[in-house]
Asks: 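Before I ask anything, let me first share the structure, which is written out below as structure tokens.
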Amino acid sequence: MIPIVTPEEMAAIDAAAPAPVEALIQRAGAALARAALGMLGGGYGRRVTVLAGRGNNGADGRAAAGRLRHRGVRVTVIPADEAPAALPPAHLSIDAAYGTGLRRPYFPPAPPSVPDNPRRAAPILAADIASGVDGLTGETLGEPWIADRTVAFGALKPGSVLHPGAQHCGTVAVASLDLDCSTARAHLVTSGDVTGWLPVRPVEAHKWQTACWVIAGSAGMNGAANLAAAGAARGGSGYVRLSTPGLDSLGGPASMNAPTEAVGHRLPADKWADAVETGDQARFKAMAVGPGLGRQPATVQSVRELARRAPLPLVIDGDALTALGPDAAAVLARRPAPTVLTPHDGEYRVLAGEAPGSDRFAAGRSLAAATGAHVLLKGPVTVVAAPDGAALAIANGDARLATAGTGDVLTGLICGLLSAGVEPMRAAASAAWLHGQAAAALPAGPMAASDLLLALPLAWEDAANREAGP
């Protein structure tokens, strides 16, 4: 996993480093220069403009300038606070104006044009983070440049992972500078991580070893139940039971287009949590509740009873999150097994009483600490937070995932992984990564949630075959 540290945490790491600041600046400059030469395709005859501030970020840029000159690059260093409206033509611009500590709007000049082609802007390389991007939240201050590439020093910063900051930082590579970032509480999940977390079915496996129970759907909302059940099968569950309270899951409306492999099981419309408890619940390894379930008073009561008493790992999504509402912490306080909550921003507001805010790592951690559950906060970058403050970011998602039903597939995926014995933090993060990778495997263009089900096996294969990377 790639460490992510806040600007405050990075300052403490820098202060604790055995090397002096001057040495760290030279290491940062060397990393920038290497990246610049790679983008330039060589040194001689190339021109580079460095926009350098007064602080350490600017010092990093000036150190890079010195190294590039030794490689035959014609470098112009321009003080950021004295930059003219038009910068001289260059084959590359290095943004070393301001680092993660900037707190005021920044309005840089237009990027320089490429020599002999005034209509084409020079590519941009950012030092640590694009100037004008808040290092903690990813919010933009002013009108930052949009970098093609960023060299992050020591570790990633939340602002280069979260949007819109991530869009201004381009492709981000980390230069360790030999700094000790082992204290990082947040990490970016890579394909290599997921490869190590995904379950391997033993030779002597049978279906009940990884059985899960999905309780979802209502009249007119059978699609949510079906997508969740199919997602659970794709997540590694060997047996998926599907129940829609009050409807005949063995042949009635709730089973329309249901996965062929899902096994229907009747539950009453009222007090169905009691029916779950008195049934053969012990045969299952995980449960999911909520997609398309509805918000009738009887449903709300049963969701709460199930959440209080179910002795299995439980994924709570959709209408079940609304059923918990602001009482979520009290309802989940004595749960006998792990819980994964999967809110989008609107559901988060219902649970926490306020919107997540711009610091999404803090938002996820706050709800996880309050409820004792693992929280998967959905968004352009998914954040998974544990009650102890650990957090994982998954950034391989696709904007096409913002469509009806994809969250139901994700709920099923998490449940399937839990049933296969993956611990909650890794199950939630792996599911989010597979979810994003499945979307990436599909052809460009509009996508339906059910398309993900066909692509998920490809995502598993991709995780097994790829080198470690975001």
Side-chain angles (χ1 to χ4, degrees), residues 207-219 221-222 224-233 235 237-255 258-259 261-325 327-328 330-342 373 408 411-412 414-420 424 427:
K207 63 186 179 184
W208 283 105
Q209 287 177 336
T210 55
C212 75
W213 194 342
V214 176
I215 303 172
S218 57
M221 293 294 289
N222 59 292
N226 298 336
L227 288 168
S237 183
Y239 180 102
V240 180
R241 171 177 287 181
L242 175 59
S243 296
T244 298
L247 295 179
D248 184 357
S249 296
L250 296 177
S255 66
E261 301 83 1
V263 180
H265 183 84
R266 294 183 180 90
L267 287 178
D270 298 335
K271 298 183 178 180
W272 50 260
D274 293 337
V276 171
E277 189 171 34
T278 57
D280 54 354
Q281 183 178 209
R283 300 192 73 181
F284 295 88
K285 300 300 187 294
M287 300 181 74
V289 63
L293 199 58
R295 302 179 184 181
Q296 297 299 320
T299 300
V300 170
Q301 182 61 33
S302 286
V303 167
R304 289 178 167 226
E305 290 302 317
L306 182 76
R308 287 191 184 101
R309 306 195 307 248
L312 304 174
L314 178 64
V315 187
I316 303 178
D317 182 40
D319 290 331
L321 293 172
T322 302
L324 296 181
D327 300 329
V331 173
L332 300 175
R334 293 181 176 84
R335 255 197 57 70
T339 311
V340 179
L341 307 178
T342 62
D408 305 323
T411 294
I414 300 170
C415 188
L417 288 165
L418 288 172
S419 73

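Residues take their numbers from the sequence shown, with the count starting at 1.
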Asks: How many angstroms lie between CG in D319 and CE in M221, if you round to the nearest 0.5 Å?
Replies: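 One gets 6.5 Å once the value is rounded to the nearest 0.5 Å.
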Asks: For a side-chain contact (heavy atoms from CB on, under 4.5 Å) check, start with the C-alpha distance between R309 and D274, then their side-chain angles and the critical distance, and finish with the verdict.
Replies: CA-CA 10 Å; R309 306 195 307 248; D274 293 337; 2.8 Å; yes
Asks: Calculate, to the nearest 0.5 Å, the distance between atoms CD and CG belonging to E277 and L306 respectively.
Replies: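 The CD atom of E277 sits 9.0 Å away from the CG atom of L306.
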Asks: Using the side-chain contact (heavy atoms from CB on, under 4.5 Å) rule, take H265 and W213 through it: C-alpha gap first, then chi angles, then the decisive distance, then the call.
Replies: CA-CA 9 Å; H265 183 84; W213 194 342; 3.6 Å; yes
Asks: Could you tell me which non-hydrogen atom of I414 sits nearest to which non-hydrogen atom of V315, and how far apart they are?
Replies: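 Heavy atoms of I414 and V315 come nearest at CG2-CG2, 3.7 Å.
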Asks: Measure across L242 and A262 and return the closest heavy-atom pair with its distance rounded to 0.1 Å.
Replies: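 Looks like CB-CB, 4.3 Å.
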Asks: Is any side-chain heavy atom of N226 closer than 4.5 Å to one of P259?
Replies: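 P259 vs N226: side chains touch.
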Asks: Test your reading of the model: is there a side-chain donor-acceptor pair from R304 to the backbone of A323, 3.5 Å cut-off?
Replies: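 Answer holds: yes.
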Asks: Quick check: closest heavy atoms across A298 and A269, and the distance to 0.1 Å?
Replies: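 For A298 versus A269, the nearest heavy atoms are CB-O, 4.1 Å.
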Asks: Do I215 and P245 touch side chain to side chain, with heavy atoms closer than 4.5 Å?
Replies: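 The answer is yes, as the side chains (C-beta and beyond) meet within the 4.5 Å cut-off.
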Asks: Please give me the minimum heavy-atom distance between T299 and G294, naming the atom from each residue.
Replies: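 Scanning both residues, the minimum pair turns out to be CG2-O, 3.5 Å.
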Asks: Check whether any side-chain N or O of T411 sits under 3.5 Å from a backbone N or O of A228 as a donor-acceptor pair, and report yes or no.
Replies: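 Not at all, since once roles are kept as given, no pair shorter than 3.5 Å links the two residues.
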Asks: To the nearest 0.5 Å, what is the distance between SG (C212) and CG (L314)?
Replies: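 Rounded to the nearest 0.5 Å, the SG-CG separation comes to 11.5 Å.
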Asks: Measure the spacing between OG1 of T210 and CG of L417 and express it to the nearest 0.5 Å.
Replies: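 T210 atom OG1 to L417 atom CG measures 10.5 Å (nearest 0.5 Å).
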Asks: Check whether any side-chain heavy atom of V240 sits under 4.5 Å from a side-chain heavy atom of E261, and report yes or no.
Replies: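 SC-SC contact between V240 and E261 ruled out.
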Asks: Rounded to the nearest 0.5 Å, how far apart are NZ of K271 and OG1 of T278?
Replies: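 Going from the NZ atom of K271 to the OG1 atom of T278 covers 12.5 Å.
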Asks: Could you check V263 against K207 for side-chain contact (heavy atoms from CB on, under 4.5 Å), going step by step and ending with a plain yes or no?
Replies: CA-CA 12 Å; V263 180; K207 63 186 179 184; over 6 Å; no
Asks: Do other residues, nucleotides or ligands put more than 12 heavy atoms under 6.0 Å from E305 CD?
Replies: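 Yes, CD of E305 has more than 12 neighbouring heavy atoms, counting only those of other groups under 6.0 Å.
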Asks: Please report the closest heavy-atom contact between D317 and D408, naming both atoms and the distance.
Replies: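 Looks like OD2-OD1, 4.1 Å.
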Asks: Any donor-acceptor pair under 3.5 Å linking the side chain of S419 with the backbone of K285?
Replies: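 Pair absent, no side-chain N/O of S419 close to backbone of K285.
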Asks: Walk me through it: do T244 and N222 pass the test side-chain contact (heavy atoms from CB on, under 4.5 Å)?
Replies: CA-CA 8 Å; T244 298; N222 59 292; over 6 Å; no
Asks: Aromatic rings F284 and Y239: how do their planes relate, parallel, tilted or perpendicular, breaks at 30° and 60°?
Replies: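 The rings of F284 and Y239 sit tilted, inter-plane angle from 30° to 60°.
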Asks: About how many Å separate CG of L324 and CZ of R308, when rounded to the nearest 0.5 Å?
Replies: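 CG of L324 is found 9.0 Å from CZ of R308.
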Asks: How far apart are the closest heavy atoms of A286 and C415, and which atoms are they?
Replies: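 Minimum heavy-atom contact is CB-O, 3.8 Å.
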Asks: Under 3.5 Å, side chain of R335 to main-chain N/O of L312, donor-acceptor pair present?
Replies: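 The answer is yes, because a donor-acceptor pair under 3.5 Å joins these two groups.
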